[in-house]
*Asks:* 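Sharing a structure here in structure tokens format.
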Amino acid sequence: MQPEGSSAIRVGDEVRAAIEAGTPVLALESTILSHGLPRPRNLEVAAEAEQSVRAAGVVPATIGVIDGVAVVGLAATEIERLCTRDGVVKVSVRDLPIARAKRLDGGTTVAATAWLAHRAGIAVMSTGGLGGVHRGASETFDESADLTTLAQTPITLVSAGVKSILDIGATLERLETLNVPVVGYRTNDYPGFYVADSGFALGYRVDTAAEAAALARARDELGLSGAVLVANPIDEASQLDPEFHDRVLAEALAAASAAGITGHDTTPFLLDHMQRATGGRSLDVNLDVYRGNVALGAEIARALAG
């Protein structure tokens with residue numbers, strides 16, 4: 001399914017055929033590959049994710065930008081290009097026209113991936129962690145474009161909450177203001193990415209992929225324009241020890257403050273500190289989170305197409 005009148009967006013043949021046939025499709029973002037994981041592990045994770053989606057009877061649609069063209073359903077060679085080349089940029093919705101005009105290669109964020117997936121007719125997407133409101137946002141106004149984009153993009157998004165380096169309470173308040181429903185998957189505890197329970201409660205939960213699909217259908221029947229967020233926590237046996245996590249996070253925040261790190265440099269600084277301070281354990285948790293969300297997203301896509 002090629003978005004009508006657009007040469008700036010290309011839908012891969014397999015993905016287009018699946019959408020037209022009503023076969024379930026799952027959208028996957030690419031910044032986790034281009035910016036979130038080290039080489040060559042990023043390429044291994046990309047292949048593993050697509051393989052697991054296919055094994056579930058669902059067509060994977062990894063989304064990214066190649067030479068200025070937004071691609072919904074990257075070919076294996078294009079995924080390798082984003083995973084191995086230097087100079088690949090991070091592309092949110094606001095960056096799409098810049099990437100187009102300058103013919104850049106880019107990994108798409110949650111916001112850009114969701115927007116492009118919806119344009120192509122894909123109903124479900126999986127990611128690791130959602131962007132949100134940053135700590136100190138009352139002064140800096142630093143808030144991820146993921147939130148406002150999802151408020152106007154009717155997709156079902158599976159994530160493990162938001163990364164704990166963000167202001168989770170403020171993020172949930174912002175999602176409420178934006179009228180974006182958030183439900184826990186088999187839990188009423190909002191997950192904090194590295195940990196299963198961020199300390200914030202959710203009013204609603206779904207216990208099966210079919211229930212999540214029913215929620216998405218209800219949204220569509222009402223004509224609402226925003227996303228449905230399914231918060232899927234990491235298994236407690238695989239999470240970072242919560243006390244250890246809190247201590248490392250406090251150290252990371254203190255280090256960022258002492259170094260004068262602000263703005264868009266804050267998140268990569270904190271994540272790098274977390275990875276080094278945990279001896280790489282945070283990266284292992286990151287991958288466990290992503291695998292779980294990809295698996296659940298495929299289940300929901302299948303239920304929604306059924």
*Asks:* Show every salt bridge (charged side-chain N to carboxylate O under 4.0 Å, His left out) that has at least one partner inside residues 171-197, sequence neighbours left out.
*Replies:*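 Salt bridge (charged side-chain N to carboxylate O under 4.0 Å, His left out) check on residues 171-197 returns E143-R174.
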*Asks:* Could you tell me whether a side-chain N or O of S282 sits under 3.5 Å from a main-chain N or O of T278, the two making a donor and an acceptor?
*Replies:* no
*Asks:* My understanding is that only one of V228, V230, I300, L130 makes a side-chain contact (heavy atoms from CB on, under 4.5 Å) with L157; could you say which?
*Replies:* L130
*Asks:* Side chains of M125 and I122: closer than 4.5 Å at any heavy-atom pair?
*Replies:*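 No - every pair of side-chain heavy atoms lies 4.5 Å or more apart.
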*Asks:* Among residues at least two apart in sequence or on other chains, which ones pass side chain to side chain donor-acceptor pair (under 3.5 Å) with N232?
*Replies:*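 With sequence neighbours excluded, N232 shows a side chain to side chain donor-acceptor pair (under 3.5 Å) to N293, given in chain and number order.
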*Asks:* Side-chain contact, heavy-atom cut-off 4.5 Å: F193 with V285?
*Replies:*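 The answer is no; the side chains never approach within 4.5 Å.
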*Asks:* Please identify each residue that fulfils side chain to side chain donor-acceptor pair (under 3.5 Å) with T62, with sequence neighbours left out.
*Replies:*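 With neighbours one apart ignored, the set is E50.
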*Asks:* Side chain of Q275, backbone of L271: donor and acceptor closer than 3.5 Å?
*Replies:*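 Flag not set: sc Q275 to bb L271 has no pair under 3.5 Å.
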*Asks:* May I have all residue pairs that pass salt bridge (charged side-chain N to carboxylate O under 4.0 Å, His left out) and include part of residues 240-252, sequence neighbours excluded?
*Replies:*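 Salt bridge (charged side-chain N to carboxylate O under 4.0 Å, His left out) check on residues 240-252 returns no pairs.
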*Asks:* Who pairs with D67 by salt bridge (Lys or Arg N to Asp or Glu O under 4.0 Å), at least two apart in sequence or on another chain?
*Replies:*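 Residues passing salt bridge (Lys or Arg N to Asp or Glu O under 4.0 Å) with D67: R103.
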*Asks:* Please go through L224's hydrophobic cluster and name the other residues, only I, L, V, M, F, W, Y counting, with side-chain heavy atoms under 4.5 Å joining them.
*Replies:*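 Same cluster as L224: L222.
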*Asks:* Would you check if the side chain of S92 reaches a backbone N or O of D95 as a donor-acceptor pair within less than 3.5 Å?
*Replies:*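 The answer is no, because no donor-acceptor pair under 3.5 Å joins these two groups.
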*Asks:* Would you say the side-chain atoms of T31 pair up with the backbone N or O of G107, donor to acceptor, closer than 3.5 Å?
*Replies:*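 Not a single qualifying donor-acceptor pair exists.
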*Asks:* If a pair satisfies salt bridge (charged side-chain N to carboxylate O under 4.0 Å, His left out) and one of its residues is in residues 294-306, list it, with sequence neighbours excluded.
*Replies:* none
*Asks:* Under the side-chain contact (heavy atoms from CB on, under 4.5 Å) test, which residues partner A255, sequence neighbours left out?
*Replies:*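 Listed in chain order: F269, H273.
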*Asks:* Return all side-chain donor-acceptor pairs below 3.5 angstrom for residues 147-154, not counting sequence neighbours, or 'none' if the list is empty.
*Replies:*
unit_1, atom_1, unit_2, atom_2, d
T148, OG1, A145, O, 3.4
T149, OG1, A145, O, 3.0
T153, OG1, T149, O, 2.7

*Asks:* Can you confirm whether S159 sits close enough to V289 that some side-chain heavy atom of one is under 4.5 Å from a side-chain heavy atom of the other?
*Replies:*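 No; the side chains remain at least 4.5 Å from each other.
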*Asks:* Are the side chain of T171 and the backbone N or O of V133 linked by a donor-acceptor pair below 3.5 Å?
*Replies:*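 Yes, T171 side chain to V133 backbone: donor-acceptor pair under 3.5 Å.
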*Asks:* Looking only at atom types and distance, does a side-chain atom of S30 sit under 3.5 Å from a main-chain N or O of T108, one as donor and one as acceptor?
*Replies:* yes
*Asks:* Looking at residues at least two apart in the chain, or sitting in another chain, which of them share a salt bridge (Lys or Arg N to Asp or Glu O under 4.0 Å) with D288?
*Replies:* R291
*Asks:* Any side-chain to backbone donor/acceptor pair from T113 onto V110? Under 3.5 Å, distance only.
*Replies:* no
*Asks:* Under a 3.5 Å distance rule, please check whether S126 uses its side chain to pair with a backbone N or O of L28 as donor and acceptor.
*Replies:*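 Answer holds: no.
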*Asks:* Are R54 and E14 ion-paired here, with the side-chain N under 4.0 Å from a carboxylate O?
*Replies:* yes
*Asks:* Keeping to residues at least two apart or across chains, list the side chain to side chain donor-acceptor pair (under 3.5 Å) pairs with something in residues 79-89.
*Replies:*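 Applying side chain to side chain donor-acceptor pair (under 3.5 Å) to every pair that reaches into residues 79-89, excluding sequence neighbours, yields R39-D86, R81-D105.
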*Asks:* Check salt bridge (Lys or Arg N to Asp or Glu O under 4.0 Å) between E78 and all other residues, then give those that pass, not counting sequence neighbours.
*Replies:*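 By the salt bridge (Lys or Arg N to Asp or Glu O under 4.0 Å) rule, E78 matches R10.
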